[in-house]
Colleague: 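Quick one: this structure, given as structure tokens, is what I'll be asking you about.
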Amino acid sequence: MLNYTIIVAIMEWFSSIGIRFPITDPTWIFFLVLGIILFAPIIFGKLRIPHIIGMILAGMVIGEYGMNVITRDDSFRLFGNVGLLYIMFLAGLEMDMSNFKHIRNKAVVFGVLGFLVPMVAGYAVNSWLLDYATVPALLIASMYASHTLVSYPIVSRYGVSRQRSVSVSVGATAITDCLTLFLLAILGGLYKGEATGGALNILFLVVKVAVLTCCVVFFFPRIGRWFFRKYSNGVLQFIFVLAMMFLSAGLMKIVGMEGILGAFLAGLVLNRLIPGVSTLMHNLEFVGNALFIPYFLIGVGMMINLKVFFAGWNVALLLAIMVVMAILTKWVTAWLTQKLCGMTALERQLMYGLSTSRAAATLAVVLVGYNIILPDGSHLLGSEILNGAIALILITCVVSSFATERASRKMALVEMEQTDVEVSETENILISVGNPATLHNLVSLAVFIRDERQQDNVIAVNVVSDNVSGGRAARMGKRSLEQAAQIAMGAAVNIKTVSRYSAGVATGVVHTAKEQDATTLIVGLHQPQTVAESFLGNINADFLEKVHREVIVTRMLMPFNTIRRIVVAIPAKAQFEAGFLKWVGHLVKLSKTLGCNIHFHGNDESLKFVDALLRMKKYTERVKLIPMEGWDDMLMLSAQVNYDHLFVAVSSRPGSVSYQEALAQLPETVGRYFNNCSIIIIYPDQAGESVQAASLFGHTFDAK
């Protein structure tokens with residue numbers, strides 16, 4: 001009673017200052033929504049309740065069925081639809097495509113079971129216990145079968161979105177919703193004069209969806225690759241990606257399916273072009289999680305009418321049966337999938353949490369059934385089913401959020417315990433940012449290969465030579481460092497900047513590398529202006545002799561995310577260098593991040609070590625090992641390397657185990673014969689023990 005009095009007093013106070021409810025002014029509406037988005041995570045975080053529930057509950061309170069502060073107008077429908085598409089799009093973008101071949105069968109099993117189990121059990125209960133006719137019973141059962149990834153932002157927040165169980169759940173969502181929407185189209189067609197030729201209509205729908213899928217899979221990556229090569233502006237790239245998402249969603253609606261399937265498909269095909277640690281991916285996640293997805297969740301809450309729970313025993317019984325069937329059948333589905341596919345109990349919990357919540361497809365089903373008017377003037381699905389579906393959305397979202405939060409937290413802890421053992425040394429990657437033209441690629445490479453488990457491990461240095469005009473060079477260097485920090489921050493990576501004066505650029509870089517204890521040094525490849533100039537510029541023999549850590553020299557002709565293949569040339573005995581593990585690990589990390597294939601060329605002995613190392617890292621899907629008779633055969637690779645490939649030549653310093661005379665001319669040779677593609681030259685780390693002496697694969701390897 002007291003709370004009601006307080007609420008009335010607050011409402012009267014707002015009325016006294018000229019604010020009427022429901023609020024229609026866009027400024028105040030947006031302010032209230034932003035306030036909910038801001039405070040819901042803070043308040044519910046302290047209560048240890050997933051903030052997604054806070055968004056939904058806040059929508060209930062301010063909606064027309066609550067305090068009627070805001071009505072669910074067109075802005076909520078617009079932003080809510082965008083938020084739903086965004087959830088599916090991000091799910092496609094964040095799916096680990098390198099492991100998709102391994103989990104696709106599991107995804108099919110989970111998706112098919114997620115449709116059949118709720119449909120069979122639901123139809124039996126609806127027809128026998130609730131006494132519904134065939135079509136209404138099937139429609140209600142399809143609400144149990146469908147699900148929406150409402151709790152997906154939770155797994156993203158915990159950093160477990162690339163886990164196998166998450167990929168299985170995402171793939172199963174597309175399959176389950178696709179089957180549900182196909183069934184909806186068939187049942188809806190029975191009341192639209194499409195009963196005749198039903199089999200042909202179904203076949204035509206399948207053909208349209210298949211043709212559209214093929215077109216999206218074929219054209220979208222090619223259009224995206226062309227756009228990213230031509231335009232590097234972050235805003236243009238962001239708008240382009242959103243346009244592709246809406247185009248795919250719109251085309252899917254044209255052929256008769258829901259837009260969420262098109263958004264998910266767009267995320268899958270653009271997955272390769274948007275690395276998970278890139279600035280573009282960070283911007284996409286930021287905008288979605290900060291605005292569109294919360295708008296969708298608040299809009300879902302505004303549709304919920306709590307009076308449904310107290311409308312009578314018949315409605316309460318119907319609601320209880322719907323909720324029990326929806327929750328129980330998804331648990332059975334997750335349990336069956338776990339047993340059939342040999343997954344762990346923790347993976348089952350996460351799959352269950354992600355697949356329990358209902359929203360989009362459930363609303364589509366109940367609205368289609370409610371809008372079908374029978375000859376006697378009644379609705380195919382009555383208002384009790386409509387209200388029950390809204391309540392079902394609330395309860396399943398709450399259950400899903402708690403289950404996903406709990407499983408994600410456990411999985412993140414397990415992942416942390418497993419990976420902490422692998423951190424062998426403190427990593428510091430030093431970037432020399434003397435040339436603004438190569439700045440973006442150098443920072444991107446450092447972000448791609450860095451160990452994300454370590455903090456503040458990227459350093460940018462600009463060296464001003466004493467032999468040039470100090471004022472202008474210092475200003476340009478400061479601007480380059482600021483730009484490097486901005487690029488790294490766009491990918492949520494903090495970068496340390498260092499500016500110094502030195503007698504020479506190379507000397508300054510060497511001193512900075514020693515002062516910062518750099519473990520990897522990344523520099524841009526020099527473009528000689530005269531015949532007398534060295535192809536490596538300041539990276540000469542004296543420089544390499546003073547720097548004993550890994551040196552990566554790069555020249556990129558196109559953005560990293562448009563590279564389709566990495567081609568690596570390995571000299572003989574490279575496996576005996578101390579830095580062998582490091583450069584192989586960096587290239588594997590780069591291949592994983594870019595989602596591209598990697599081909600290793602070398603003699604049989606070197607490839608044996610590469611193969612053993614890759615198997616230890618469990619990365620063999622995108623790898624190809626190709627024998628190369630001798631180092632002289634490296635020139636033959638120029639015919640196989642295309643303009644959209646990255647050619648990596650592994651070199652060594654004079655006096656090292658794998659050094660040979662041909663490596664002295666390697667930079668000039670690579671620049672002459674591989675001038676049409678992007679290039680990386682790696683000088684391996686000389687610090688530490690050699691591979692031969694290290695027990696890296698469970699036992700000591702030799703050269704045999």
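Numbering of residues begins at 1 and proceeds along the displayed sequence. Predicted model, so just to flag it, every value in this text is computed and none were measured.
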Colleague: Who pairs with Tyr231 by side chain to side chain contact (heavy atoms under 4.5 Å, CB included), at least two apart in sequence or on another chain?
Modeller: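 Result, side chain to side chain contact (heavy atoms under 4.5 Å, CB included) vs Tyr231: Trp226, Phe227, Leu236.
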Colleague: Report the residue from Glu550, Arg450, Glu427 that forms a side-chain hydrogen bond (donor to acceptor under 3.5 Å, both in side chains) with Thr520.
Modeller: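 That would be Glu550.
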Colleague: Answer yes or no: does atom CD of Glu452 have more than 12 heavy-atom neighbours from other residues, nucleotides or ligands under 6.0 Å?
Modeller: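 For Glu452, atom CD is crowded (more than 12 foreign heavy atoms under 6.0 Å).
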Colleague: In chain order, what residues pass the side-chain hydrogen bond (donor to acceptor under 3.5 Å, both in side chains) check against Ser678, with sequence neighbours excluded?
Modeller: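 Listed in chain order: nothing, the list is empty.
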Colleague: Quick one: does Thr176's side chain have a donor or acceptor within less than 3.5 Å of a partner on Gly111's backbone?
Modeller: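 Indeed, once roles are kept as given, a pair shorter than 3.5 Å links the two residues.
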Colleague: Are any non-hydrogen side-chain atoms of Phe246 and Val82 less than 4.5 angstrom apart?
Modeller: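 Answer yes - side chains close enough.
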Colleague: Which heavy atom of Pro684 sits nearest a heavy atom of Ser651, and at what distance?
Modeller: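 Result for this residue pair: CD-O, 2.9 Å.
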Colleague: For the CG atom of Asn561 and the OG1 atom of Thr593, what is their distance to the nearest 0.5 Å?
Modeller: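 If we round to the nearest 0.5 Å, Asn561:CG and Thr593:OG1 are 12.0 Å apart.
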Colleague: Kindly say whether Leu646 contributes a backbone atom to a donor-acceptor pair with the side chain of Arg565 at under 3.5 angstrom?
Modeller: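 No.
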Colleague: Ignoring hydrogens and geometry, is there a side-chain-to-backbone donor-acceptor pair from Asn642 to Asp644 under 3.5 Å?
Modeller: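 Absent.
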Colleague: Does the Thr512 side chain pair with the main chain of Gly508, one donor and one acceptor, at a distance under 3.5 Å?
Modeller: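 Yes, Thr512 side chain to Gly508 backbone: donor-acceptor pair under 3.5 Å.
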Colleague: Specify the closest pair of heavy atoms between Ala484 and Ala460, including all atoms of both residues, with the distance to one decimal.
Modeller: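 Heavy atoms of Ala484 and Ala460 come nearest at CB-CB, 4.3 Å.
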Colleague: Quick one: sort the Tyr295 and Phe79 rings into parallel, tilted or perpendicular, breaks at 30° and 60°.
Modeller: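 Tyr295 vs Phe79 ring planes: parallel.
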Colleague: Mind listing the closest non-hydrogen atom pair of Ser278 and Ala491 along with its distance?
Modeller: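 For Ser278 and Ala491, the tightest heavy-atom pair comes out as C-CB, 4.0 Å.
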Colleague: Tell me which donor-acceptor pairs under 3.5 Å the side chains of residues 436-449 have, and how far apart each pair is, sequence neighbours excluded?
Modeller:
{"from": "Thr438", "atom 1": "OG1", "to": "Asn435", "atom 2": "O", "distance (Å)": "3.2"}
{"from": "His440", "atom 1": "ND1", "to": "Ser444", "atom 2": "OG", "distance (Å)": "3.4"}
{"from": "Ser444", "atom 1": "OG", "to": "His440", "atom 2": "O", "distance (Å)": "2.8"}

Colleague: Please report the shortest heavy-atom distance between Pro667 and Tyr683, naming the atom on each side.
Modeller: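 What the structure gives for the nearest pair is CG-OH, 3.8 Å.
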Colleague: Taking the side chain as C-beta and beyond, is there a heavy-atom pair between Tyr86 and Val287 under 4.5 Å?
Modeller: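 Contact flag for Tyr86/Val287 side chains = yes.
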Colleague: Locate the shortest heavy-atom distance separating Leu291 from Ile37; write the atom from each residue and the value.
Modeller: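 Leu291 and Ile37 have their closest heavy atoms at O-CD1, 4.4 Å.
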Colleague: Mind jotting down which residue pairs meet the salt bridge (charged side-chain N to carboxylate O under 4.0 Å, His left out) criterion with at least one end in residues 76-90? Sequence neighbours excluded, please.
Modeller: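 For residues 76-90, and leaving out neighbouring residues, the salt bridge (charged side-chain N to carboxylate O under 4.0 Å, His left out) pairs sorted by first residue read Asp74-Arg77.
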Colleague: Taking side chain as C-beta onward, heavy atoms only, is Tyr673 less than 4.5 Å from Met634?
Modeller: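 No - every pair of side-chain heavy atoms lies 4.5 Å or more apart.
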Colleague: Does any N or O in the side chain of Ser591 come within less than 3.5 Å of the main-chain N or O of Leu587, such that one atom is a donor and the other an acceptor?
Modeller: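 Pair absent, no side-chain N/O of Ser591 close to backbone of Leu587.
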Colleague: Just how far is it from atom CG of Leu251 to atom NZ of Lys253, taken to the nearest 0.5 Å?
Modeller: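 Answer rounded to 0.5 Å: 12.0 Å.
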Colleague: Using the side chain to side chain contact (heavy atoms under 4.5 Å, CB included) criterion, which residues pair with Ser357? Sequence neighbours excluded.
Modeller: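 Testing Ser357 for side chain to side chain contact (heavy atoms under 4.5 Å, CB included), a comparison that skips the adjacent residues, returns Val150, Cys397, Ser400.
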Colleague: Side chains of Pro41 and Met55: does their closest heavy-atom pair fall under 4.5 Å?
Modeller: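 Yes, at least one pair of side-chain atoms sits under 4.5 Å.
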Colleague: Are there over 12 heavy-atom neighbours, none belonging to Lys589, within less than 6.0 Å of that residue's NZ?
Modeller: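 Counting neighbours around NZ of Lys589, more than 12 heavy atoms of other residues, nucleotides or ligands fall under 6.0 Å, so yes.
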Colleague: Restricting to side-chain hydrogen bond (donor to acceptor under 3.5 Å, both in side chains), what partner residues turn up for Glu482, sequence neighbours left out?
Modeller: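 Glu482 satisfies side-chain hydrogen bond (donor to acceptor under 3.5 Å, both in side chains) with no other residue.
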Colleague: Donor-acceptor pair, Lys582 side chain versus Thr519 backbone, under 3.5 Å?
Modeller: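 Judged by distance alone, yes, a pair lies under 3.5 Å.
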Colleague: Rounded to the nearest 0.5 Å, how far apart are CE of Met411 and OH of Tyr158?
Modeller: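 Result: 13.0 Å between the selected atoms.
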